[in-house]
Structures are given as structure tokens and as C-alpha cells.
Amino acid sequence: MNVTRRTLVLGAAALPLVSTIRYAGAQSAEFNYKYANNLPISHPMNVRAQEAMDKIREETDGRVAIQIFPNNQLGADTDMLSQVRSGGVEFFTLSPLILSTLVANASISGIGFAFPSYDEVWPAMDGELGAYVRGEIEKSNLVVLDKIWDNGFRQITSSAGPIATADDLKGFKIRVPVSPLWTSMFTAFESAPASINFAEVYSALQTGIVDGQENPLAIISTAKLFEVQKYLSVTNHMWDGFWFLANKRAWEAMPEDVREIVARNINEAAVKEREDVAALNATLRGELESNGMTINDAEAASFREKLTEAGFYAEWKGKYGEEAWAILEKAVGADLG
Ligand code: X2X
């Protein structure tokens, strides 16, 4: 046998590497899970989630390998919601409003103009309001992690012209996510809302199926909606987030100590992502302007009045019930009507 000194040294050095690869490799992980979502890979949600998944793999010595499928690779939101319920994917992040197609009262945090600022959002979502919603979600046999991730305050974009007051929304063909609350809100504005999953938004705008859409700045930027929209109207008409959901069977298959590692790292990543999104939302206006968007600040009061006149708040208070509505009003520090 022709074993040289060189191959011997290499052989010995390669040993620890081989075992690292074996532990870290997705193939050999004991829990080989998928996390699916609707956002571009450059959005802070995917950046921070990837950091969390790397830490989880390290801290569990390779037992848990969670692969991220961003950007609707595994389907649109409504498909992914079915998949996380059936176990086709193990993890999924979803807006509380879209989740309300399954858990009716989950959308309560998205009521128009409820939150004046982030100062009210996080104490509410990490406090009583969030706990109430998570309780509702758990009744539907899904697992939900403690910390909600930020999507942001939503703004309206258009190819037709700026939106300055509620009047400008009359007859406006606007894409809204698939959720009764969104449709109800833009119906109250007398717009023509079309329910379209985010997976189809860019092409719907590009082909003119709708004239506008609404999303936070971080999404308008990372999904490059400025390429197909000219006007950005800062309305802050609602706050939106993403609940981190897990399939119950897949979650319970992991031992308690492993679940603790997974939950802790994902919740820590959520808190970092909130800071990233807040920073982006504070700086992106300039960038979007240099990408050709014309930006205006809308008159929030006119939108609020329109919603009140249309009976929007009264209708949703009735749907959610007195108890849930009282939790919301306490959280936002206001009488919403
Ligand atoms: O669908 C949208 O607009 C998005 C990406 O903001 C949500 O997930 C609600």
C-alpha cells in the first residue's frame, strides 16, 4: 500500500470535519423541518430567521435542521396555511389578518388606525392583547410562538395618483390580502378591493389588474414594488405583523429541551427583526424616492372619520365581541367607538 505521510495527515485532519458535516447536514438531522413564508430573501424577517436557524442547528448539535423556503416558493399564503395545518411544512409566518380566515378573532390587532405608534404595538402584542390572540390560535390546533414579528405600518401605493384624503380612495382598484377585515376596511372607503395573495401582487400591478396596493415600506422596497408603482402615500392606516406558527404534531415530536432551544432562538430573532424593520421604515423614504416614487403624507383624520361614518368600528366590535374589544381598547389607550 502506498500511504504517504501527506495522505495520513490529511486523513487525520479530515476526521473532525467529516463528523461536523454529518451532524450539520440536513440529511442526517433528527428533525428535518421546513419554514415557509411569503417575503423576499432580503427582507429582515428572512435574514434574522436564517440566523436563528443556524443557531438552532448549532445548539442542538445538528439534531434540528430547519430550511427556509422564502418568497412563496412553496405556494401562496392560503396554500401555506393549509400546509402548516396538515404538516406539509412545519413552520410558517402569517399576518394575523390572513390567519383570521381560520381563527376569526386573530385579526383584531389589524383594526384600522388602532395603534398610534410602535410604543403601543409591542407592549400590546407582548402583553394582554397578544396573549388573547395566541390563546385563540391555539384553539385551532396550531402552535404559535410568543413573539410576533414586525411587518410594519401599512402605506398605500398607486400607479394612478397620490392618495391624500379618504375621498381619493373612492372607486380605487386596490389589491388587499385575503382577509375579511381588509376587504371590509376598503369597502368602507368605497374602494374596489380585490383579494390577491402576495405571490401575485407584483404581476397584478404590472399588468394593471389593480391600480394600487398597500404594504409597509420594507416590503415596498424589498419586493421592488417601486418598479410597478409611482405614488406612495403615507397613511399608516394599520399595523401588521407575522405570527410564527408551527404544526402541532411536528412541534410536539421534539423533546422539551429541544423545543426550548427552537423557541428561544426564534423569539430572539423576532425582537431583532423588529429593530431592523423600524430602522428601515425610518430611512427608506429617501431610497424609494430615488427609485422614482413620489411620496406624500396623507391626512389620517379623514380616513378615520370615513371608517367611523361607514360603521366599520361598530361592525367589528360586534364581530369580535365586547371582551376582545375591551382588550384592544385598553392596549391602544383609546375609545375606538
Ligand atoms: O400580503 C401582504 O401584503 C403582506 C406581505 O404584507 C402580508 O403578508 C400581509
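Order of listing sets the numbers, starting from 1, for every ligand and every atom in it. Counting from 1, the numbers follow the sequence of the chain as shown.
Here CD1 of I68 is found 7.5 Å from CD1 of I41. Values are rounded to the nearest 0.5 Å.
Remark: aromatic rings of F186 and W182 are distant, center separation not under 6.0 Å. Ring-centre distance between F244 and F92: not below the 6.0 Å cut-off.
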Pairs under 3.5 angstrom, nitrogen or oxygen on both sides, ligand 1 versus protein: list them out, please.
residue	atom	partner	partner atom	Å
ligand 1	1 (O)	R175	NH2	2.8
ligand 1	3 (O)	R154	NH2	2.9
ligand 1	3 (O)	R175	NH1	2.7
ligand 1	3 (O)	N215	OD1	3.3
ligand 1	3 (O)	N215	ND2	2.9
ligand 1	6 (O)	N151	ND2	3.0
ligand 1	6 (O)	R154	NH1	2.9
ligand 1	6 (O)	R154	NH2	3.4
ligand 1	6 (O)	N215	OD1	2.6
ligand 1	8 (O)	N38	ND2	2.8

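Side-chain polar atoms of N215 and Q155 form no donor-acceptor pair below 3.5 angstrom.
Pairs engaging residues 42-88 under the ring-ring contact (aromatic ring centres under 6.0 Å, His included) rule: none recorded [sequence neighbours left out].
For the pair K319 and W316, the cation-pi criterion (under 6.0 Å, within 45° of the ring axis) is fulfilled.
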